[in-house]
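Since the structure comes first, as C-alpha cells, the remarks are kept for the end.
All figures in this text were calculated on a predicted structure; none of them were measured in a lab.
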Amino acid sequence: MIRNLGNIFKVEDLRRRILFTLMMLVVFRVGSFIPVPNTNPEALRALMNETQGVFGLLDVFSGGAFTNYSIFALGIFPYITASIIAQLLTMDVIPAFARWAKEGEAGRRKLAQFTRYFTIVLALIQSIGMSIGFNNAAGQGFVQGGSFWDFALISLTLTAGTAFLMWIGEKITEKGIGNGISILIFAGIIAAIPTQITQVYTTLFTTPNAPVFLGILKVVGILAVVLIVIIGVIYIQQGVRKLPVQYTKRVVGRKMYGGQSTHIPLKVNAAGVIPVIFALSLLYFPATIAQFWAGNPIADWVIKNIRADEFGFGMVLYVVLIIGFTYFYTFVQINPIQLADQMKKNGGFIPGIRPGKNTSTYLTRVMNRLTLTGAFFLAAVSILPVFMVVIADLPQSVQIGGTALLIVIGVALETMKTIESQLIKRHYKGFMNK
C-alpha cells in the first residue's frame with residue numbers, strides 16, 4: 001500500500017497537480033481566519049450559542065470560517081445555488097439557456113459565465129441579509145459603527161471572498177485534482193472535525209455530574225454509527241447495476257464490425273453528493289434572505305422553521321429536496337432517450353428489449369428504481385445527525401456523521417478514482433488495486 005502510494009509522486013504532472021491543490025487549500029484555510037473589517041465575531045459566537053446552532057452545519061462546511069466571520073464566511077454556497085438555478089434554466093425554461101446547453105463547449109462557457117455573474121449577485125444579497133440580520137439579532141453589537149458605509153464594506157468583503165473561493169475552485173478543477181468546489185467543501189469539513197471532537201468531549205466528560213461510564217458508552221455508540229455510515233456510503237457509492245448490451249454484426253466493405261457483448265453500468269447513486277449540497281444551499285437561502293426582515297412574523301417563521309438541524313417542516317423539506325435533486329441530477333447526467341437512440345444507431349440492443357422507445361422506457365424504469373434507492377439512502381444519512389444529537393444529548397452545534405461524512409467519503413472516493421485513472425494511464429500500479 002505504501003509503495004503504491006509512492007507511485008503518485010513518480011508522475012511529474014500528477015505530483016504538480018496534487019501540490020497545486022494543497023497550496024490552494026492552504027490559501028483557503030488562511031483566509032478562513034482573516035476577519036471581516038468592522039465586525040465583532042464574539043457577538044456572532046454568542047448569538048450562535050443562544051440559537052442552539054442554527055448555522056452549525058454551515059459553519060462545519062466552511063471549516064469555522066462562518067463562526068470567525070472571516071472573508072470566506074459565505075463559503076461556496078452562493079456558487080452552488082447559482083449552479084442549481086443555471087441548470088434548472090436549461091430545462092427548456094428559457095430558450096437561450098436550453099440552446100446553450102446543446103452547443104457543446106461554447107455553450108458550457110456561456111453557462112459558466114452566467115453562473116459566475118449570478119454568484120456575485122447572490123453573494124451580495126446574502127452578505128447584506130446576514131450582516132443586517134446578525135446585527136439586529138445581536139443587539140446592534142455585531143457591526144461596529146452601523147453606518148451605511150460599514151455595511152457596504154462588510155458586504156463587499158464577503159462577496160469578494162466568495163468570488164475568490166469560486167476562482168480557487170475553478171483553478172483546482174483546471175490545474176489540480178478532482179472537482180474544485182467539492183474539494184473546498186471537503187477541506188472545510190475536515191478542518192472542523194477537531195472542533196466537533198472537542199465539543200463532544202466537553203459535553204460528555206467535563207459537564208458537572210456527568211457519568212463517565214455513560215459518556216464512554218455514548219462515544220462507543222457514536223463511533224459504531226460513524227463506522228456503519230462509512231461502510232454504507234462506500235457500498236452505495238460503489239454499487240452498480242450492469243445492463244447487458246449486444247451489438248449486431250455489420251459488414252462495411254471487407255471488414256466486419258460489432259458483434260461484441262458489453263454492458264451499461266448504472267450506479268445506484270449516480271448523482272453522488274451533489275444533491276445533498278444542492279439541497280442545503282437551497283434550504284439555507286430563504287432563511288438568509290429572511291434576515292432582511294427579522295422581526296416580521298413571516299420572516300421569523302422562515303428563520304425558525306426552514307432549517308435542517310431539528311425535527312419539523314424544514315427537515316421534511318430537506319428530505320424532499322434531496323430526493324428531487326437526486327432524480328434531477330441523475331437524469332441530467334444519463335438521458336435514457338438519448339442513450340437508447342445512440343444504442344440504436346450503433347446497432348446495439350438490450351437482450352429481450354426492442355430498440356428505440358421500448359429501450360428508453362426500460363432504461364427509465366430501471367433508473368427510477370435505482371435512483372429511488374440512492375435518494376432514500378442520501379436522505380436517511382443526511383438527517384442522521386439530528387437523531388444522533390437527540391440520542392446522545394449533545395448540543396445542536398455538533399453535527400455528527402450524516403451529511404458531513406457523506407460528502408467527505410464521496411469526494412474522497414471520486415478523488416481517489418481520478419488519481420487512480422491518472423496512474424493507470426501512465427502504467428503505474430494504483431493504490432486502489434489489490
Side-chain angles (χ1 to χ4, degrees), residues 53 56-63 178-179 182-183 185-201 203-204 215-240 267-280 283 307-311 314-316 318-323 325-326 329-330 370-417 432:
L57 197 59
L58 185 61
D59 188 52
V60 170
F61 286 170
S62 65
N179 182 286
S182 299
I183 293 292
I185 298 176
F186 172 89
I189 295 173
I190 293 297
I193 288 178
T195 303
Q196 298 287 303
I197 293 176
T198 302
Q199 289 180 338
V200 172
Y201 175 80
T203 303
L204 297 181
I216 294 175
L217 285 180
K218 289 182 179 180
V219 169
V220 172
I222 291 171
L223 293 177
V225 171
V226 168
L227 181 60
I228 293 172
V229 170
I230 292 175
I231 295 173
V233 169
I234 294 175
Y235 183 78
I236 294 294
Q237 293 287 82
Q238 301 292 86
V240 175
K267 299 184 68 175
V268 176
N269 181 25
V273 298
I274 298 298
V276 178
I277 300 174
F278 278 11
L280 276 173
L283 189 68
R307 46 190 290 186
D309 59 346
E310 63 179 29
F311 300 103
M315 178 177 288
V316 175
Y318 183 40
V319 170
V320 171
L321 286 174
I322 290 176
I323 295 174
F325 277 125
T326 303
Y329 202 76
T330 298
L370 288 175
T371 304
L372 183 63
T373 302
F376 278 139
F377 176 79
L378 288 178
V381 173
S382 298
I383 63 176
L384 180 64
V386 181
F387 292 92
M388 292 298 298
V389 165
V390 173
I391 294 173
D393 194 22
L394 298 172
Q396 289 185 337
S397 58
V398 177
Q399 300 292 334
I400 298 174
T403 307
L405 273 179
L406 189 65
I407 294 175
V408 167
I409 297 169
V411 174
L413 286 174
E414 291 301 319
T415 305
M416 288 170 66
K417 288 180 181 178
M432 291 178 69

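- The side-chain contact (heavy atoms from CB on, under 4.5 Å) check on Tyr235 picks up nothing, with sequence neighbours excluded.
- Partners of Ala279 by side-chain contact (heavy atoms from CB on, under 4.5 Å), not counting sequence neighbours, listed by chain and number: Tyr318, Leu321, Ile322, Phe325.
- Counting heavy atoms from C-beta outward, Val411 and Ile185 have side chains that stay 4.5 Å or more apart.
- For Gln237, the side-chain hydrogen bond (donor to acceptor under 3.5 Å, both in side chains) partners at least two apart in sequence or on another chain are Asn269.
- Scanning for side-chain contact (heavy atoms from CB on, under 4.5 Å) contacts around Leu227 gives Ile231, with sequence neighbours left out.
- Leu217 pairs by the side-chain contact (heavy atoms from CB on, under 4.5 Å) definition with Phe213, not counting sequence neighbours.
- Counting all heavy atoms, side chain and backbone alike, Ala191 lies closest to Pro194 at O-CD, 3.4 Å.
- Looking at Val219, Val225, Val226 one by one, the single match for side chain to side chain contact (heavy atoms under 4.5 Å, CB included) with Ile222 turns out to be Val226.
- For Phe186, there are no ring-ring contact (aromatic ring centres under 6.0 Å, His included) partners two or more places apart in sequence or in a different chain.
- Between Thr326 atom OG1 and Leu370 atom CG the span is 13.0 Å, to the nearest 0.5 Å.
- Val233 and Ile409 make their closest contact through CG1-CG2, 3.5 Å (heavy atoms, listed as atom of the first residue, atom of the second, distance).
- Across every non-hydrogen atom of Lys267 and Val240, the tightest pair is CG-CG2, 4.0 Å.
- For the atom pair OG1 of Thr373 and CD1 of Ile236, the computed distance is 7.5 Å after rounding to the nearest 0.5 Å.
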